[in-house]
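These numbers were taken from a predicted model, which means no experiment stands behind them.
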Amino acid sequence: MRFVLILAALFWTQIAVAEGNTGLITVTGEGSVDAEPDMAWITIGVSEDAPTAAEATDKATTAMSDVIARFAAIGIDEADMQTSGINLHPRYDNRPRNDGEPPKLIGYVFSTTLQVRIRSLEMLGQVMDDAVGEGANGFHGLRFDIAEPRPLQDEARVRAVQDAVAKATLLAQAAGVSLGSIHSISEHGGHRGGPVMMAEAAMMRDSGGGVAAGEVTLQSSVTMVFEIAD
């Protein structure tokens, strides 16, 4: 008899849990805001080769020091310049050899890159031209950005939530149920996307009228879980 009562208790507990379960609707909302950029990041490089590693290093670092000094002279803050890469590798004579000997070492190549934040887009052409004038011979990227993205990012979040609510409402109506309260909400990390331009160093000299900033897109994605009211 006691065993039967235990089974009955378990049965009614399972029924109560099942009846207490609330149906859920899970949706993902997307939101974005487009804005004109007000700053830019560029990455420039200097690469030099020489018979010895020391000579190649000295030539490249001297040229990069000249570039940095020039940038400082035109008003770029030291905090807006950061070395982003250094590389030293040997250079070989890879012409075919008939004697079976390994390639002959003929020198070394030292390269260094600098990332620069340009807070005024009006300076972009001058910065790129001055870089070439002081010895930069590599241009590795240009990215436009927003100096104060928080208000725009928040607007993208609002739009993402509105999109999720609209989707959940539509699904509930299609299913013939009522949308209940929010069970949970989570964000999947907003991010900024914008035009990224790659070019050779020779293009820097013509950058004054040949670079279009376009727009930067700030995006947000949220997942919302709603309870079904009935």
Side-chain angles (χ1 to χ4, degrees), residues 1-43 79-80 82 84-85 115-122 124 139-199 207 210-230:
M1 182 66 178
R2 183 178 179 183
F3 178 71
V4 173
L5 290 175
I6 292 175
L7 287 178
L10 290 174
F11 173 77
W12 287 111
T13 299
Q14 290 174 353
I15 293 296
V17 171
E19 291 179 347
N21 282 342
T22 301
L24 302 174
I25 294 178
T26 301
V27 293
T28 297
E30 306 286 345
S32 64
V33 176
D34 296 328
E36 293 185 4
D38 56 10
M39 62 172 289
W41 297 85
I42 65 170
T43 303
D80 291 332
Q82 183 178 49
S84 57
Q115 187 177 66
V116 184
R117 175 165 48 192
I118 303 173
R119 297 182 181 273
S120 173
L121 293 182
E122 295 179 353
L124 181 57
F139 180 41
H140 304 293
L142 166 62
R143 176 172 62 87
F144 294 102
D145 208 345
I146 302 292
E148 297 294 338
R150 182 60 183 269
L152 297 172
Q153 190 66 64
D154 287 345
E155 176 61 25
R157 292 186 176 102
V158 171
R159 294 184 182 185
V161 171
Q162 292 172 341
D163 183 49
V165 172
K167 289 178 179 177
T169 301
L170 179 63
L171 291 174
Q173 292 175 348
V177 298
S178 298
L179 197 65
S181 60
I182 297 174
H183 182 75
S184 66
I185 179 171
S186 59
E187 184 181 17
H188 305 295
H191 66 279
R192 300 194 292 277
V196 178
M197 305 181 68
M198 303 297 290
S207 63
V211 176
E215 290 185 333
V216 174
T217 301
L218 294 93
Q219 300 174 323
S220 180
S221 176
V222 298
T223 294
M224 297 183 67
V225 181
F226 296 84
E227 295 180 355
I228 297 176
D230 55 26

Practice item. State, to 0.1 Å, how close I146 and P37 come at their nearest heavy-atom pair, and which atoms those are. Key: CD1-CA, 3.6 Å
Review point. Ignoring hydrogens and geometry, is there a side-chain-to-backbone donor-acceptor pair from E227 to L179 under 3.5 Å?
Key: no
Check your understanding: Atom NE2 in H140, atom CD in Q115: separation rounded to 0.5 Å?
Key -> 12.0 Å
Review point. Within a strict 4.5 Å, meaning less than it, do heavy atoms of the L124 and L142 side chains meet?
Key: yes
Review point. Shortest non-hydrogen contact from G180 to F226?
Key: O-CD2, 4.1 Å
Check your understanding: Any idea which heavy atoms bring M39 and A147 closest together, and the distance?
Key -> SD-CA, 3.6 Å
Review point. Does a side-chain heavy-atom distance below 4.5 Å link Q153 with S220?
Key: yes
Point to revise | Validation row: M224, V161 side chains within 4.5 angstrom (heavy atoms) | key: yes
Review point. About how many Å separate CG of D34 and CD of Q219, when rounded to the nearest 0.5 Å?
Key: 8.5 Å
Practice item. Please answer whether the main-chain N or O of G31 pairs with a side-chain N or O of D163 as donor and acceptor at a distance below 3.5 Å. Key: no
Review point. Can E30 and S221 be counted as having a side-chain donor-acceptor contact under 3.5 angstrom?
Key: yes
**Study point:** Atom pair NE2 (H183) and OG1 (T26), whose distance is rounded to the nearest 0.5 Å
**Key:** 8.5 Å
Check your understanding: Where is the tightest heavy-atom contact between A156 and L218, given as atom of each residue plus distance?
Key -> CB-O, 3.7 Å
Point to revise | R143 side chain vs W41 backbone, donor-acceptor pair below 3.5 Å | key: no
Point to revise | Test item: L152 and E155 side chains (from C-beta on) under 4.5 Å apart, heavy atoms | key: no
Check your understanding: How many angstroms lie between atom CG of D80 and atom CZ of R119, to the nearest 0.5 angstrom?
Key -> 4.0 Å
